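Quick caveat, the model's predicted, so the values are computed rather than measured. So you know, we letter chains A, B, ... as the sequences are listed, proteins then strands, and number each from 1.
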Amino acid sequence: MAVLSYVIRRLGWAVLTMFAASVIVFAAVKATTDPAASLRGPGIRAEDVQRFRDDLGLDKGNVEQYTTWMGNFLTGDLGESLKTRRPVWPDLRTAIWNTVQLGVVAFAITVVFGVLIGTISAVKQYSWFDNAATGASFIGLSIPTFLFGLLLQIVLVLKFQDWFGGTPFYTSRMNSPGESGFGIDRLRHLVLPALTVAVQGIAVYSRYMRASMLEVLNSDYLRTARAKGVSERRVIVRHAMRNALIPLTTFAAIDVGAILAGLVVTEQVFEWPGMARYFLVALQDGDYVRVLPWLMIVVFAVIIFNLIADLLYGVLDPRIRVG
Amino acid sequence: MQRRRGRAFAAVGLSLSLALVAAACGDDDGDQTSDTSGGGTEATNETGDQQRGGEIVLGAEQWPECVNPITQCANSSWTHWAIDAHVLPKLMELDPEGNYNPSPVLDGEPELSGEGTDNGSGPFTITYRLNPDAVWDDGTPITSEDVRFTWQAYMGTAGAVSLAGWDQIEDVDASDPQTAVVTFKQPYAAWGENWGGNANYLLKADAFDGRTDLSNEMISDLPFSGGPWVLESFSPTEAVLVPNEAYWHEDRVPLVDRVTLVPVTDTETQVNALLAGEVDAIYPQPSPGIVDQLDTEGIDYVFGAGVTFEGMWFNQGSLKNPNTPLKDPAVREALLYAVDREAILDQVMRPNFPDTEMLNCGGWVPTVGEWCDESDFEDVTYDPAKVASILEGAGWAKGSDGVYAKGGQRLSLTWQTVAGNRRREDIQALVIPAVRQLGIELVTDNSDADTLFQTRLPQMDTEVGLYAQTAAPDPTVSTIMACENIPTPENDFSGQNYLGWCNRQATDLMHRADATPDPDARLELVHQIGDLVREDAVWLPFYQLPLFTAWNSDKLEGPIGDTTNSSYGGFFNVYDWSLRS
């Protein structure tokens, strides 16, 4: 019951947070952008701009615009884009799905390699592998995402073509012309952006994992396990890693929520039509009707995954449970 | 295709690559683009013997969010360059030099009649005779009813970007299906822009069941075609054009079976996609170093002079500094001679774009129509002595800090441009110390593009601006230079005259020019406006921003690059492109 009450309380705060965020972002978007202001050029007259504003209701009071939007949102109507008149939801849904694909693949690479490298580094502390991993992780953290993405394009596509006469990778986009859906072609397009996203994650996760493992490896219960004759492999995999993963798991849960906001640089460099590009284009258009649902989903995801992280912590470590 | 050899990069992720390389090399022999060149038949047209069939993939630097030619989507050049200009017909078309010509839809030049034709007042009528061969993609003829409907649709669509010209029309007589007689309420010089010109089209009346509010139509499809291509599909990630089988104008019958346009909006990625063979041609805004990147076997490129011009714009009505020294004509005049334009070209532009020429027109460019009078700013050269003479003659004197001052006001100006734009920031870095030595202080006050163009310029929150304007084929500058278009708090910041320049004589000339359909008479008026722009030192023109088409010459042949400078973009004549045999 205590856990249920806790979850309900957190969800209540989530609703309040989403409402506050929507007000702040609506005000920010209205204050800094104007869909009509992008209408410029010798053929566009002042009366054209005013008529445009009238047609789209841009001159109505901000409170009226916001409450109209919120009223529709609460009834499940996300409305139509101010610019394109396309319904908001189908495009947003597609952007979510695209980011999820990239995020999941990148996240999987991050976790697998991050945990593996961190574990080996800890077990072989101060070995050549540990030193190399430490150096590589600092490089991974330091190199700007856009630069790493472009390097991957040059090395794994252009140079690869020169060296081997072909390459399995693509510089950009989700599919080749005429292709669609999640298949081999999509996977080949996914490799470079996923690696670009993953490289920083691996650097961070491997450091976390190394530190966490070192802490566990020196604990009494492992010494006891060894003394009882448990094999070293079993000690590390079953006893050490399991406990070392607890802080990383909660950290990862928070990361997953943040991924849904999109991967700004990577999506731009690799022409990946995900959440970040959706947001940037909508913001550029001053299209608050598109920006606000994006915001709601992102805030909701962050809150939910934070909640999951908190709950997971309790599940994984029985000492920390809501009492 | 051979590629440029470069430094070996660290093979990050090589092991992962090797895991997939076998599959890649096996399925398409290393070429990522689908090989559709086989099985073609030889065809003969005006471009010579070229192969028919196959597919071309074009990379678009910006991606239209929808394809509606009337609503705000039409405000993006790429809506026209990627989609609309290939599919929708026009009555009057622009050639690459920016001159209006009858399109294949017309049977000869339109007839202009009425007293207003020559003298700027009185009745004004245009008679368009339609080509009897002109048909929509379903084979039905293009008629005067379509001309009439198009006018009604532009007028009736909520959120239409511009009604310029359309709202000047009194009626369109469609009683003869082959003849459309358009009567204007008053003479209208830019008549070529309606149903054609830069960004307007002819629409098919039957396609919309009588609806004239098309704001919710043509979002992701164009349900008809009167151009060489039919839009088969459009999505946020891809657009496919296929030949219009009913197209009647044999010079523009497409040679390939399919053109796929894809967005590649990052400049570096765009170049890499071309080098990798993922796209066959690109039409990017040239960026520093792009020529070096593309200087490789199998890639050709061509520069065009461009239709966008850049310079220093002096805001006399600045609200950033309501007492701006720019209100003093002597300050503006001195700035013309204080900025070394030749140095800007030599040190910023020409290292990347060697053919860049200095621009001397008052508000037009020499590559769009005949409106540019290159003598306007011809006399303006870097001249420190003249700067001192002009300023001191107007009562300015150098203070102890070396900066001129007058009546307690220092000659210090803020200078706004787009933060992060390397070209513009390089210009600022070059000019600021140079003019400081002459006693003029320029202080950078840059913003991101959205803030500058959507907030600061419209609200006159600038002083000296460094940005570009686009030269439209119609030479009107009323919207950006006439008195009534200065944004002020009183008019709720409407208008685009971000110069705050109000010269009644010039504004009268602009109004007369806009109502003078006769090209010769109008040219004279435009040149008089240019003279006043120079006389008042309204701005300082620098150069035209070049345009650029690059393509895979191992795969493509034809007159590629010929429309680089066209209002319709570098891909416009893709109907004449073909795959190499």
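A salt bridge (Lys or Arg N to Asp or Glu O under 4.0 Å) with B:E65 holds for exactly one of A:R290, A:R85, A:R86; it is A:R290.
Contacts of B:N68 with chain A are absent, with no heavy-atom separation under 4.5 Å from either backbone or side chain. Neither the backbone nor the side chain of A:R53 comes within contact range of chain B, judged by heavy atoms closer than 4.5 Å. Using a 4.5 Å cut-off between heavy atoms, B:T451 does not touch chain A at all. For B:D167, the part lying near chain A is the side chain, with the backbone staying farther off; criterion is any non-hydrogen pair under 4.5 Å. Proximity to chain A (any heavy atom under 4.5 Å) is shown, for B:S215, by both the backbone and the side chain. In this structure, the portions of A:Q268 lying under 4.5 Å from any heavy atom of chain B include both its backbone and its side chain.
Using cut-offs of 30° and 60° on the angle between ring planes, the pair A:W294 and A:F279 is parallel. Aromatic ring pairs are classed by plane angle as parallel below 30°, tilted from 30° to 60° and perpendicular above 60°; the pair A:F169 and A:F160 is perpendicular. Between B:F234 and B:W63, the ring-plane angle classifies as parallel under the 30° and 60° cut-offs.
In terms of heavy-atom pairs under 4.5 Å with chain A, the best-connected choice from B:V264, B:T260, B:N198 is B:V264. Between chain A and the options B:V240, B:T71, B:T237, the largest number of non-hydrogen pairs under 4.5 Å is found for B:T237. Comparing B:T265, B:N216, B:D266 by heavy-atom pairs within less than 4.5 Å of chain A, the highest count is held by B:T265.
Contacts of A:E267 classified as salt bridge (charged side-chain N to carboxylate O under 4.0 Å, His left out), with partners at least two apart in sequence or in another chain: none.
Ion pairing between A:R173 and B:E278 fails under the 4.0 Å rule for side-chain N and carboxylate O. The existence of a salt bridge linking A:D285 and A:K83 is confirmed by a sub-4.0 Å separation between a basic side-chain nitrogen and an acidic carboxylate oxygen.
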